[in-house]
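Read through the structure below, which is laid out as structure tokens, and then see the notes.
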Protein chains: 2
Amino acid sequence: MDKKYEALRLKNQLCFPLYAVSNMITRRYKPLLDKLSLTYTQYIVMMVLWEAAPVNEKFLCEALCLKTNTVTPLLKKLEEKGYIVKTKDKEDERNLVIDLTERGAALRDDALCVPGTIAREFHITEEEAMFLYTILYKMLEQDSSDNNN
Amino acid sequence: MDKKYEALRLKNQLCFPLYAVSNMITRRYKPLLDKLSLTYTQYIVMMVLWEAAPVNEKFLCEALCLKTNTVTPLLKKLEEKGYIVKTKDKEDERNLVIDLTERGAALRDDALCVPGTIAREFHITEEEAMFLYTILYKMLEQDSSDNNN
DNA sequence: CTTAATTATATCGCACGCGATATAATTTGT
DNA sequence: ACAAATTATATCGCGTGCGATATAATTAAG
């Protein structure tokens with residue numbers, strides 16, 4: 001009789017550990033990011049900007065797999081903190097030009113220790129990390145081809 | 001010069017694809033769970049209950065790696081929908097006894113198709129799924145030993 | 001050339017997650 | 001036995017995520 005419901009058991013889901021690990025990661029980052037006055041989501045926005053600023057909002061949304069209704073308020077927060085500035089693109093006034101302030105750019109050096117600290121907390125092998133990375137990106141790519149985000 | 005910031009690039013993070021895939025999964029579940037009037041988080045609560053009801057809140061929190069301040073409001077919602085009932089434990093009045101209503105128990109059959117539908121959407125091999133499952137649980141176990149949740 | 005479609009961003013409302021804190025019931029220490 | 005510590009649950013406030021919808025700027029179509 002239990003056979004019928006076997007697939008519905010929490011322990012037989014792949015989605016649940018993904019969800020739980022993702023929550024766990026956010027919790028792990030918090031104490032580190034508190035020192036930079038950043039949340040986890042704000043941190044990944046800053047990572048994109050450190051690498052590619054200036055960018056528009058659409059670029060950010062695609063890079064982070066997030067929607068505009070998540071990113072717009074995030075940018076407002078980062079602007080309030082003085083890490084970024086938003087201006088309108090003269091060429092096409094629909095476009096937002098999002099750029100780092102001096103303070104936002106300087107924050108990059110304070111963040112340098114974060115990846116290593118987090119990595120050291122997860123006791124998985126280099127091989128496991130590589131595999132995980134590969135399959136997760138495979139799933140993400142598949143998503144963007146399935147739907148038209 | 002770029003070498004210095006290599007570790008801070010979004011593409012070199014393991015955490016980001018975990019976060020993005022987790023968000024993606026919630027989005028994928030939504031249309032299926034809408035039919036059951038459940039959110040993703042409510043769904044995993046129900047999965048625990050279908051298997052183990054009656055349980056107390058602490059048990060739920062541990063099973064789902066969530067805190068009481070997330071679970072308490074969830075239970076209120078599920079109670080309003082008529083899927084669960086909450087009573088006090090006569091033995092120890094601190095304990096909540098959370099149990100399924102007839103309607104909540106019946107919902108299990110409507111949910112039977114969900115795992116298969118989701119699984120079919122993710123085009124990963126059985127082997128990849130197994131590996132993913134194993135390493136994610138390894139990370140979760142490590143978390144509960146590192147911290148004292 | 002002007003109306004319709006498209007594109008980029010913003011707003012609204014709802015449901016999480018969680019740190020911090022509070023409250024009520026039970027257990028422990030002396 | 002009774003004050004102090006512990007345990008289970010609840011409340012508050014903030015920051016996401018996102019579906020639905022709105023708005024403003026640009027482009028396409030007839």
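In the text below, chain A, chain B and the rest are named by the order of the sequence lines, each starting its count at 1. The structure displayed is predicted, hence computed values, not measured ones.
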Side-chain N or O of [X] closer than 4.0 Å to phosphate OP1/OP2 of [N]:
| X | N | value |
| --- | --- | --- |
| B:K67 | C:dC18 | no |
| B:T41 | C:dG17 | yes |
| A:T39 | D:dT16 | yes |

Name the closest nucleotide to the [X] side chain, picking from [options].
| X | options | value |
| --- | --- | --- |
| A:D92 | D:dT26, C:dT9, D:dG19 | D:dT26 |
| B:L66 | D:dT9, C:dG17, C:dG19 | C:dG17 |
| B:T70 | C:dT9, D:dT9, C:dG17 | C:dG17 |

Original post:
With the threshold set at 4.0 Å, does a side-chain nitrogen-carboxylate oxygen contact exist between A:E128 and B:K138?
Top reply: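 So A:E128 pairs with B:K138 through a salt bridge.
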
Original post:
Is it true that A:K76 and A:E80 have a side-chain N and a carboxylate O under 4.0 angstrom from each other?
Top reply: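 Not counted as a salt bridge, because no side-chain N and carboxylate O are separated by less than 4.0 Å.
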
Starting from [atom2] on [N], measure out to [atom1] on [X] and report it in whole angstrom.
| X | N | atom1 | atom2 | result |
| --- | --- | --- | --- | --- |
| B:Y19 | C:dC16 | OH | C1' | 13 Å |
| A:R27 | D:dT16 | CZ | C1' | 15 Å |
| B:I25 | D:dG17 | CD1 | C1' | 15 Å |
| A:L74 | D:dC18 | CG | P | 11 Å |
| A:L60 | D:dG17 | CG | C1' | 16 Å |
| A:D34 | C:dA20 | CG | P | 9 Å |
| B:K88 | C:dA24 | NZ | P | 9 Å |
| B:L96 | D:dT7 | CG | P | 18 Å |

**OP:** Remember a base hit wins even if backbone is also touched, and classify A:F59 as base, sugar-phosphate or nothing at under 4.0 Å, heavy atoms.
**Re:**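 Touches nothing.
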
Original post:
Contact class for B:N69 vs. all strands (heavy atom < 4.0 Å): base, sugar-phosphate, or nothing?
Top reply: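 Base contact.
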
Subject >> 5' priority, DNA chain D, between B:K30 and B:N56 [closest heavy atom] >> reply: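 In this pair, the answer is B:N56.
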
Original post:
Between A:Y40 and B:Y19, how do the two ring planes meet: parallel, tilted or perpendicular, split at 30° and 60°?
Top reply: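 Perpendicular: the ring planes of A:Y40 and B:Y19 meet at over 60°.
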
Original post:
Nearest nucleotide by nearest heavy atom, which residue falls closer to the 5' end of DNA chain C, A:N23 or A:L75?
Top reply: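 Here A:L75 is the residue nearer the 5' end.
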
**OP:** May I ask you to verify whether the side chain of A:R94 and the base of C:dT7 hold a donor-acceptor pair under 3.5 Å?
**Re:**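 Yes.
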
Original post:
Hey, is the side chain of B:T68 pairing donor to acceptor with the base of D:dA10 inside 3.5 Å?
Top reply: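 For B:T68, whose side chain was compared with the base of D:dA10, there is a donor-acceptor pair (under 3.5 Å).
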
Original post:
Mind checking whether B:D110 and B:L107 have side chains closer than 4.5 Å, heavy atoms only?
Top reply: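 The answer is yes; the side chains approach within 4.5 Å.
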
Original post:
Say you draw a straight line from CG of B:L100 to CD1 of B:I84; how long is it, rounded to the nearest 0.5 Å?
Top reply: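 Reported value, rounded in 0.5 Å steps: 8.0 Å.
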
